[in-house]
Amino acid sequence: MNRKPIIYQLLPRLFTNSNPTCVPNGTISQNGCGKMNQITESVLQSIKELGVTHVWYTGIIEHATKTDYSDNGILPPDNPHVVKGEAGSPYAIKDYYDVDPDLAESVPDRMKEFEQLVARTHDAGMEVIIDFVPNHTARRYHSDSAPAGIEDFGHNDNTDKFFDPGNNYYYITRQLFAPSFDLGSGKKAYVEFPAKATGNDCFSAFPGINDWYETVKLNYGRDPGDGSGHYDPIPDTWFKMLHILRFWASKGVDAFRCDMVFMVPLEFWQWAIPNVKDRYPQVKFIAEIYDVGLYRNFIFTGGFDYLYDKVNLYDTLRGIQCSNYSAATITNCWQTVEGIQPHMLNFLENHDEQRFGSKFYAGDPAKVIPSLIVSSMISTGPMMIYAGQELGEQATDSEGFSGYDGRTTIFDYWSVPTLRRWYNDGNPDGSLLTPRERWLRAKYATILNLCNRERAISEGRFYDLMYVNYQNPTLNPHRQYVFLRSCDGVTLVTAVNFSENSCDLAVNIPRHALEMLNIPEGEVSARELLSGDVDLKTISASEPFRTMISPYNAVVWKINHKNIHKK
């Protein structure tokens, strides 16, 4: 059986932090910080019970921070004027070969603690994903943990040139870094001369407060002046990054979630991914990408296993929930990625997006069932959830650098209320959760476990039923969506209802679907997989399939072909 990846994203910094009295902009001593060692066997078992197959540990690699670890030999301390928040961004990497010291109970043993976390995760039957951040580093990069012979990025750069194929960075020559915000004064000032280009392709010395000013852009041999690529000989940055990927793969990492892949030349991925897989063939690569037009290139040329489907399915489902999109537009989504659907990674939340239950999105986490069913069951590709999503986290806090915006901070030391109650000081038994949180978590567990319990979902074929139901008086294509999944004599008839009203559907199933999926016609005792209800159903091209759906809910009726009896 092919396993459909079910990914659980968590930030260890937040995940097990039990401090109930965090203050905005608080330091690590004030607000505390979650630790890798607190992600114990029992915690991992509770995560796995959701149906999870992979855990994405976000923010493992050492990044710039306002917390001073110089007493532990981590030098130099980061200048606070170019760090976002007290904790700093997990995507402003200062040492690709080290573990973030915030996450260790014993800072000198931080790599050992990470290796133990990997082992515990594997022992729990799940695989490990970490971030690979290829496009940019922190403004000051220095590795005190790199293997012998590995030089820092920028060590041999010719800073007199804006672009040189042999450089690791881009330089605004003869110009001081001079952004539109304060860099301090005297000995505490941040000074960068010559200025380096900023990570979000800001090739100037004057980034604004909304730029990724805490990062500097890496040079992969592409000249931003004329767009030309200089890849022969292979640029130094390529070799450095390949070594980093192999380093973490050797630690037992099973997959890399690769940040902003489209900002790095496709030629690099085409070279690097096969070179990693040559030594570590099991390692998977996941691309963060936001251009549908690039999807196929990054799969078939770049070699990625999975891609974020943010601008296609995520945006459509959000539009249905918030912006009067019709449910029928889901058809456009699978048509857009037809032929590459197994490579699409679907989600409703991640660290960049607003929480589903926040007032900025659905406003009520209990409305998630239709979106969750579609995103998790429309294809054989991966499904991802974000820690706290399964509890209905609404992100009502203003944590500091991150204000009240419906997102959970990645920049601050903080404790997430729903996760804190679930974690329960290392005893995740659900006893501190509200009845609503327990109900929602059970719904997530039911739905996500079905994804690998039913081969029709993890391996089966997909058939969209909307084209024969647009004129159906019982089905409102603005609020309901219906489809089939089928594999080896089992078909799931799935219908979702995005409406605040219940509906009684009489779903047309065309003869073409019956023939293509080898479904016989007749009556069958069917089980509804979300509720456990059993009912007698008719499967026929001449008679509709009838079902009721309550508000903001869904049904998944399981039909065993061998149990269908002719009427």
Side-chain angles (χ1 to χ4, degrees), residues 6-7 9 290 292 308-337 344-379 381-396 404-408 418 436-437 439-444 446-448 451 464-466 469-470 475-483 494-503 505 530 548-556:
I6 306 295
I7 299 168
Q9 181 194 5
Y290 299 111
V292 174
Y308 271 33
D309 195 18
K310 193 271 183 194
V311 293
N312 187 43
L313 186 62
Y314 169 90
D315 283 355
T316 298
L317 290 172
R318 179 163 182 147
I320 293 167
Q321 193 72 49
C322 304
S323 304
N324 215 30
Y325 285 29
S326 292
T329 58
I330 295 169
T331 297
N332 302 338
C333 294
W334 68 259
Q335 289 176 336
T336 297
V337 296
M344 294 297 103
L345 185 153
N346 296 332
F347 58 86
L348 300 175
E349 292 186 13
N350 63 44
H351 67 276
D352 287 317
E353 308 300 339
Q354 291 169 322
R355 293 286 191 172
F356 181 91
S358 76
K359 75 170 189 177
F360 303 92
Y361 193 159
D364 180 356
K367 293 180 178 179
V368 77
I369 305 302
S371 293
L372 183 61
I373 288 288
V374 171
S375 56
S376 65
M377 296 188 180
I378 199 170
S379 78
M383 176 65 190
M384 180 173 75
I385 66 167
Y386 184 34
Q389 176 182 341
E390 75 280 15
L391 305 170
E393 175 59 41
Q394 294 182 281
T396 57
Y404 176 34
D405 61 359
R407 295 175 177 85
T408 295
T418 50
R436 180 188 181 91
E437 290 163 350
W439 171 85
L440 188 61
R441 194 174 195 273
K443 285 290 185 184
Y444 270 87
T446 296
I447 291 167
L448 296 177
C451 290
D464 190 320
L465 293 173
M466 294 301 288
N469 284 282
Y470 285 133
L475 186 147
N476 177 0
H478 183 55
R479 292 289 93 188
Q480 285 101 44
Y481 182 74
V482 289
F483 63 96
T494 304
V496 302
N497 180 21
F498 291 95
S499 172
E500 61 186 10
N501 301 309
S502 62
C503 57
L505 301 185
L530 305 184
M548 189 278 282
I549 319 178
S550 55
Y552 294 108
N553 210 341
V555 291
V556 182

* To do: Count the heavy atoms of every other residue, nucleotide or ligand shown that sit under 6.0 Å from CD of Glu500, and state whether that count exceeds 12.
  => no

* Under the 3.5 angstrom rule, does the side chain of Ser326 hit a backbone N or O of Ala328 as a donor-acceptor pair? -> no

* Hey, does Leu530 have a side-chain heavy atom less than 4.5 Å from the side chain of Ile373? -> yes

* Asked: Should we say atom OH of Tyr325 is surrounded by more than 12 heavy atoms from elsewhere, each under 6.0 Å from it?
  -> no

* Ignoring hydrogens and angles, tell me if any N or O in the side chain of Arg479 forms a donor-acceptor pair with the backbone of Ile320 under 3.5 Å. => yes

* Asked: Which word best sums up how the rings of Tyr308 and Tyr290 line up, parallel for under 30°, tilted for 30 to 60°, or perpendicular for over 60°?
  -> perpendicular

* Short side-chain donor-acceptor distance under 3.5 Å, Glu353 and Tyr361 -> no

* Give the minimum heavy-atom separation between Gln354 and Asp405, together with the two atoms involved. => NE2-O, 2.9 Å

* Asked: So, do Cys503 and Asn476 sit near enough that their side-chain heavy atoms are less than 4.5 Å apart?
  -> no

* Is Arg355 close to Glu349 at the side-chain level, that is, under 4.5 Å between some pair of heavy atoms? -> yes

* Asked: Judged by atom type as modelled, is there a donor-acceptor pair below 3.5 Å linking the side chain of Gln389 to the main-chain atoms of Ala387?
  -> no

* Asked: Closest approach of Asn469 and Leu465, non-hydrogen atoms and distance?
  -> ND2-O, 2.7 Å

* Asked: Between Phe483 and Ile330, is any pair of side-chain heavy atoms under 4.5 Å apart?
  -> no

* Counting distance only, does the side-chain N/O of Arg407 pair as donor-acceptor with the main-chain N or O of His351 below 3.5 Å? -> no

* Asked: Quick one: does Thr331's side chain get under 4.5 Å of Tyr481's, heavy atoms only?
  -> yes

* Glu437 side chain to Gly392 main-chain N or O, any donor-acceptor pair under 3.5 Å? -> no

* Does the Gln321 side chain pair with the main chain of Leu317, one donor and one acceptor, at a distance under 3.5 Å? -> no

